[in-house]
Q: 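A single structure is presented below for examination.
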Amino acid sequence: EAGVAQSPRYKIIEKRQSVAFWCNPISGHATLYWYQQILGQGPKLLIQFQNNGVVDDSQLPKDRFSAERLKGVDSTLKIQPAKLEDSAVYLCASSSDSNSPLHFGNGTRLTVT
Amino acid sequence: SQQGEEDPQALSIQEGENATMNCSYKTSINNLQWYRQNSGRGLVHLILIRSNEREKHSGRLRVTLDTSKKSSSLLITASRAADTASYFCATDGGSNYKLTFGKGTLLTVNP
């Protein structure tokens, strides 16, 4: 099966600019996750979707981050405006349900200068 | 917040040796998972152990779980250079099964 696709692979922006990341999960996977991974740390959950509804977004900085999952398939994560501390790898993952193992994409490495 | 904490933070061994990594967590769980991450890549699921299981094997991997001590260990036997990666434990709990990752153990296997 095709894996989780993410784009772009790398992105460099200046602080206060906006940026968007895209994720295409494995076909048929109902649950989609966005994680933020700062260098040297484990992934931190930003938002979890079940189909096109939000299950958990308690750690999403909602003043600058937003995410949507149209039609319960693809998802986009947006940051506006970006801060220096947003520099990280943004990982998308999907699973067939919330009890199953996660399948991760290769992530988008964001550098904010 | 990080639920699981791996120990050690870094481990360097020779090819052919065994590698043991530990994970401690704070709250009750439904299951515990181990993932591997190669440099610059996403995480890959290795093994899932449920709270009512004590030990599980998959190829060269052996995972144990002690819910009374809130700890788990991952043993990689007969390590290979290709096993060089970061290893993370992840725990779930609560009504929405939110998966929380630790900070990871960086394993280096020297040829």
Q: How about K56(B): does its NZ atom have over 12 heavy atoms from other parts shown lying under 6.0 Å from it?
A: yes

Q: Can you tell which part of Q37(B) gets under 4.5 Å to a heavy atom of chain A, answering side chain, backbone, both or neither?
A: side chain

Q: Do Y87(B) and L61(B) land in one hydrophobic cluster if side-chain heavy atoms of ILVMFWY residues count as linked below 4.5 Å?
A: yes

Q: For K98(B) versus Q48(A), what's the shortest heavy-atom pair and its separation?
A: CA-OE1, 4.1 Å

Q: Please check if the number of heavy atoms outside K62(A) that lie under 6.0 Å from its NZ is greater than 12.
A: yes

Q: To the nearest 0.5 angstrom, please state how far the CG atom of L45(A) sits from the OG1 atom of T100(B).
A: 7.0 Å

Q: For the pair Y35(B) (side chain) and L102(A) (backbone), establish whether a donor and an acceptor sit closer than 3.5 Å, ignoring hydrogens and angles.
A: yes

Q: Could you report the tightest heavy-atom contact between Q37(A) and F88(B), atom names first, then the distance?
A: NE2-CZ, 3.6 Å

Q: With only heavy atoms counted, which part of T31(A) is less than 4.5 Å from chain B, the side chain, the backbone, both or neither?
A: neither

Q: Mind listing the closest non-hydrogen atom pair of Q33(B) and P101(A) along with its distance?
A: OE1-CA, 3.6 Å

Q: For R64(A), look at atom CZ and say whether over 12 heavy atoms of other residues, nucleotides or ligands are found less than 6.0 Å away.
A: yes

Q: For L48(B), which atoms come within 4.5 Å of any heavy atom of chain A: side chain, backbone, both, or neither?
A: side chain

Q: To the nearest 0.5 Å, what is the distance between CG (L99(B)) and OH (Y33(A))?
A: 7.0 Å

Q: Does CZ belonging to R54(B) count more than 12 external heavy atoms closer than 6.0 Å?
A: yes

Q: Looking at every heavy atom in both N106(A) and G42(B), which two are closest together, and how far apart are they?
A: OD1-N, 3.3 Å

Q: Counting only heavy atoms not in Q9(B), do more than 12 sit closer than 6.0 Å to its CD atom?
A: no

Q: For atom CG of L75(B), is the number of surrounding heavy atoms from other residues, nucleotides or ligands below 6.0 Å larger than 12?
A: yes

